Engineer: 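Would you mind keeping the following structure in view while I ask a few things?
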Amino acid sequence: MPSLNEARERVENLRREIRKHDYRYYVLDSPLITDQEYDSLMRELENFEKLYPELITPDSPTQRIGGAPLDQFRSVKHAAPLFSLANAFEDGELRDFDRRVQQLVGAAVDYVVEPKIDGLTVVLTYENGDFVLGATRGDGITGEDITENLRAVRLLPMKLSIALPRLVVRGEAFMPKKAFARLNERRDLRGEPPFANPRNAAAGSLRQLDPKVTAARTLGVFAYQVLECEGQEIATQREALALLKELGFSVQEKSKHCQDIDEVIAHCSQWTKERHTLNYEIDGLVTKVNPLRLQSVLGSTAKSPRWAIAFKFPAEQVVTQVKEIIVQVGRTGVLTPTAILNPVQVGGVTVSRATLHNEEMIRQKDVRTGDYVVIQRAGDVIPEVVRVLPEQRNGKEEVFQMPGYCPVCGGKVLHLEDEVAARCTGIACPAQLKELVLHFVSRDAMDVEGIGSALAKQLVDSGLVKDSADLFALQKDDLLSLERMGEKSSDNVLKALDRSKERGLAPLLFALGIRHVGTRAAEILAEKFGSLDALAQASPEELTAIQEIGPKIAQSIETFFQQDQTQQLIGKLKEAGVKMLQERTQEEEEDILGGNVFVLTGTLPSITRKEAEDLIKKYGGKISSSVSKKTSYLVAGEEPGQKYEKALELGVPIIDEDTLLKMVPGT
Ligand code: IVH
C-alpha cells in the first residue's frame, strides 16, 4: 500500500493529467489518449481517494457528479445588471462604434477582439478561491442558481490557483460541436426531438433539475469577463484574460489585441472565413475597449455597454438544386419529406440533403423537384431550405405529392387531424420495424451492443425479426447466414442479447417505444408500478394522478397495451426470460410515497380515515390537513368537503381509495 505522501503525489499528478486531457478533449478536440485510457486514469484516482479519503478535495475530477435532484431552481439577484451587447453587421457599424468611443474618451483607444461563443451566459462566484455560486443570466437582473449543475462541467475550476478573497466572473457555457452531434443522434434514437443548435443544447443541459443529467452531457465553459475581483489589481481586458487563465479557467486562446479599428475590421473579415475551424460554434466576434478605466468612463446605455460591440457573422447561404424529394419513415411511422440536393459546401460541411419537415412546409415554400433553392444551416447546424428561386424555373419542375401509401411497406398513409405529420399505418412496416429494433437495442433501452443500422436492416429484411422479441429467438446460424457476420460478432451479439434480459423494468419500458414515453417517464412508471403487468392494468386516471405524467402519455400507454400486437410481444418477451419487474430494496419499498403530501376528504369506501393515514405514513408519505400548492394528492371519498373544490382550483391531482391502495405494495 502506498504511503500517504506517495498517494498525495500520485493523486496530484493524476488530477493534473486528467485536467489536461479534459482540455484537449473539450476545447481543442484533439485527445491524446483513448476513452479507455482516460477511464483508467479516473479509476486510478478514485482508488487512491478510496484508500485515503482525506485526499479528496471538492475540485477533484471525481467530485463532479452533482447532488440530489432539485424541485426548482432558486433565483439569484445579480449584484449589477448583466448587459447584452449591441450588434454590428457591417464594417461601417464598427467604424461608427469606434468614432463614438473616441469622441467620448477624447483619445484613440486599443481593443481586444474575442470570438463570440454561441452558448449560455453564466456568472460564477468564488470566495477564498472556492466555487460557491453559479447562476444563469436570466433577464439580466435575476438569474437561476445552477451551481450543482456547473459542478459537473469538467473544465470549470472548483478551486482557484490563487485563493482570492472574492471573484465574480462572467463566462459562456457551450457544447462542443461533436458532442452536440452525438447527443442529437441519441435523442433521435429515443424518438426525442433534436436540439436545434449547440446553444439550445447547452442551455437545455444546464437547466436540468437533476445534476446527473448535466453530468452526462459534454459541456465546457469559457471565462471572458471579470465582474468583481478582490485581492488583485487588473488594468486591462488583456490582463483580465491572463489572470483568468492563471486562476485555472479555460480562456479563449484566439483573442487578439488590436491597436485601432482598421486592425479590428481586418481581423473580423479573416474570421468570417475561418469561423468553422473551431470545435465549438461562434456566431461573431466581440470587440472590447482594452483599458478597464476607459470602460468605466464609457459606461452603459439602458441595454448594453458603450465599450463593447458584437460583430455578427452573416448567415451562410448557398444556392443548389433539388434533385429529388424523398420520403423517410421513422420509428413511429411519421413520413418526413427530405430534399436530395446537388452536394454543396455550407459552413464547412458538405450538404446533400435538407429536411422539408412536412407537407405543409413544402406547400408554404412551394419547393418542387428540380427547383434551385437557397439553403442554410439553421443555427448553423441542421440544413434547411430557406426559399425557392422561381425565376430559375424552366417549367419542368415537379410539384411534390405526399404518397397515399408508405414507400417502404405499401401501408396506407394517414393524416391525423391534430397533427401536421403524415403517418404510415402499416403494422408490419419494415422501415418502422427497423427503427423500432434500433431503438429497442439502444444504450438507454436494452443496451445491446453490436446491432447497428445495417444489421437491423438485414434482420428485418430477411424476415428473422418481425418484432423486437424475435431478437431473443435468434440462433447463431441465423446470424452467420447474414452478410458481414462472422463467428465472433455473432457470439458477441448473442451474449449482449442475453445480458440485456437483466436490464430491468425502466429500460424495458423505454425500449418498447411507447409514444411519448422517454427515459424519465419510463423510470417514474417503473418505480410507481413495479411490474409491466401492473402498468398494463393501470387506468388513465391512475396514470395522470402521477406528477409528471400528463394525459398525452397516459393515453398513449393505454392505447399501447390495448393492442393485440402488444400482448403478443409481451408474451414472447416473458417467454424469452426478459426481466419485467422493478427490484426494490426494503428501504425503497418503505419510502415508496416519499416526499408526497396527502390530504384526505370525505368517507372512504372500505378503510377508515385513520387506516388510510397510517398506510400513507408507513410508506413514507406525509399527511396534511389542508390543500395547498404543496399538496401532492387529494384522496377523496364520498361527500368530499371544500378541500375538493380547492384541489380542483389548484390543479392538485385527485385520487380515490382504490388508486391510493394501488400506490403501495401488497394491496
Ligand atoms: S462580453 C456586457 N465576450 O454574447 C456584455 N460576451 O449579447 C459583456 N458572449 O450574452 C459580454 N462570447 O454571453 C462577451 N467573448 C465574449 C463572449 C460574449 C459570447 C455572449 C454573452 C452575451 C452575448 C452578447
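Order of appearance sets the numbers: ligands from 1, and atoms from 1 within every ligand. No experiment lies behind these values; they were computed from the predicted model shown.
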Engineer: For atom 12 (N) of ligand 1, which protein heavy atom lies nearest, and how many Å away is it?
Structural biologist: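 Sorting protein heavy atoms by distance from atom 12 (N) of ligand 1 puts Ile117 N, 3.1 Å first.
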
Engineer: Decide whether the shortest distance between a heavy atom of Pro115 and an atom of ligand 1 is less than 4.0 Å.
Structural biologist: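 For ligand 1, residue contact (heavy atoms, under 4.0 Å) with Pro115 is present.
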
Engineer: Examine Trp307 against ligand 1 and note whether any of their N/O atoms are separated by less than 3.5 Å.
Structural biologist: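 Min N/O separation from ligand 1 is not below 3.5 Å for Trp307.
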
Engineer: Establish, yes or no, whether a centroid distance under 6.0 Å links the rings of Phe97 and Phe311.
Structural biologist: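 Phe97 vs Phe311: aromatic centres not under 6.0 Å.
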
Engineer: Please check whether Tyr224 reaches ligand 1 - meaning an N/O of the residue sits under 3.5 Å from an N/O of the ligand, judged on distance alone.
Structural biologist: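 Tyr224 vs ligand 1: N/O contact under 3.5 Å present.
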
Engineer: Before accepting this row, confirm whether a basic side-chain N of the pair Glu148/Arg151 lies closer than 4.0 Å to the acidic partner's carboxylate O.
Structural biologist: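 Result for this pair is yes, salt bridge flagged.
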
Engineer: Distance to 0.1 Å, residue and atom name: give those for the protein heavy atom nearest to atom 20 (C) of ligand 1.
Structural biologist: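 Its nearest protein heavy-atom neighbour is Glu172 OE1, 3.5 Å.
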
Engineer: Regarding Glu253 and Lys245, does a basic nitrogen lie under 4.0 Å from an acidic carboxylate oxygen?
Structural biologist: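 Yes, this pair counts.
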
Engineer: I'd like to know if Arg74 pairs up with Glu144 as an ion pair, taking the criterion as any Lys NZ or Arg NE/NH1/NH2 lying under 4.0 Å from an Asp or Glu carboxylate oxygen.
Structural biologist: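 So Arg74 does not pair with Glu144 through a salt bridge.
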
Engineer: Give the residue, atom name and distance (to 0.1 Å) of the protein heavy atom nearest atom 22 (C) of ligand 1.
Structural biologist: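 Protein heavy atom with the smallest distance to atom 22 (C) of ligand 1: Arg170 NH2, 3.4 Å.
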
Engineer: Atom 15 (N) of ligand 1: which protein heavy atom is closest, and how many Å away?
Structural biologist: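 Nearest protein contact, heavy atoms only, for atom 15 (N) of ligand 1 is Glu114 OE1, 2.9 Å.
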
Engineer: Any carboxylate oxygen within less than 4.0 angstrom of a Lys/Arg side-chain nitrogen, looking at Arg95 and Asp98?
Structural biologist: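 Looking at Arg95 and Asp98, the cut-off is not met.
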
Engineer: Of all the heavy atoms in Arg137, does at least one lie under 4.0 Å from an atom in ligand 1?
Structural biologist: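 Judged by the 4.0 Å heavy-atom criterion, Arg137 does not count as contacting ligand 1.
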
Engineer: Could you label the plane-to-plane angle of the His439 and Phe510 rings as parallel, tilted or perpendicular, counting under 30° as parallel and over 60° as perpendicular?
Structural biologist: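 Perpendicular: the ring planes of His439 and Phe510 meet at over 60°.
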
Engineer: Is the centre of the Tyr111 ring less than 6.0 Å from the centre of the His257 ring?
Structural biologist: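 Not under 6.0 Å, so no.
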
Engineer: Can you tell which of Glu114, Gln237, Arg170 makes a side-chain hydrogen bond (donor to acceptor under 3.5 Å, both in side chains) with Tyr224?
Structural biologist: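 Of the listed options, the one satisfying the test is Arg170.
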
Engineer: Of the choices Gln295, Lys288, Lys303, Gln237, which has the non-hydrogen atom that lies closest to atom 1 (S) of ligand 1?
Structural biologist: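 Looking at heavy atoms only, Lys288 sits closest to atom 1 (S) of ligand 1.
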
Engineer: Does the distance from a Lys or Arg side-chain N to an Asp or Glu carboxylate O, for Glu17 and Lys20, drop under 4.0 Å?
Structural biologist: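 Salt bridge between Glu17 and Lys20, a charged N being under 4.0 Å from a carboxylate O: yes.
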
Engineer: Of all the atoms in ligand 1, which lie at a distance below 4.0 Å from a heavy atom belonging to Gln225?
Structural biologist: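 Going through ligand 1 atom by atom, the ones under 4.0 Å from Gln225 are 8 (C).
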
Engineer: Quick check on contacts: which atoms of ligand 1 are under 4.0 angstrom from a heavy atom of Val286?
Structural biologist: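 In order of number, 3 (N), 16 (C), 17 (C).
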
Engineer: Show the atoms of ligand 1 that are less than 4.0 angstrom away from any heavy atom in Pro305.
Structural biologist: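 Per the distance check, 2 (C).
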
Engineer: What protein heavy atom sits nearest atom 24 (C) of ligand 1, and how far away is it?
Structural biologist: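 The answer is Lys116 CE, 3.5 Å.
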
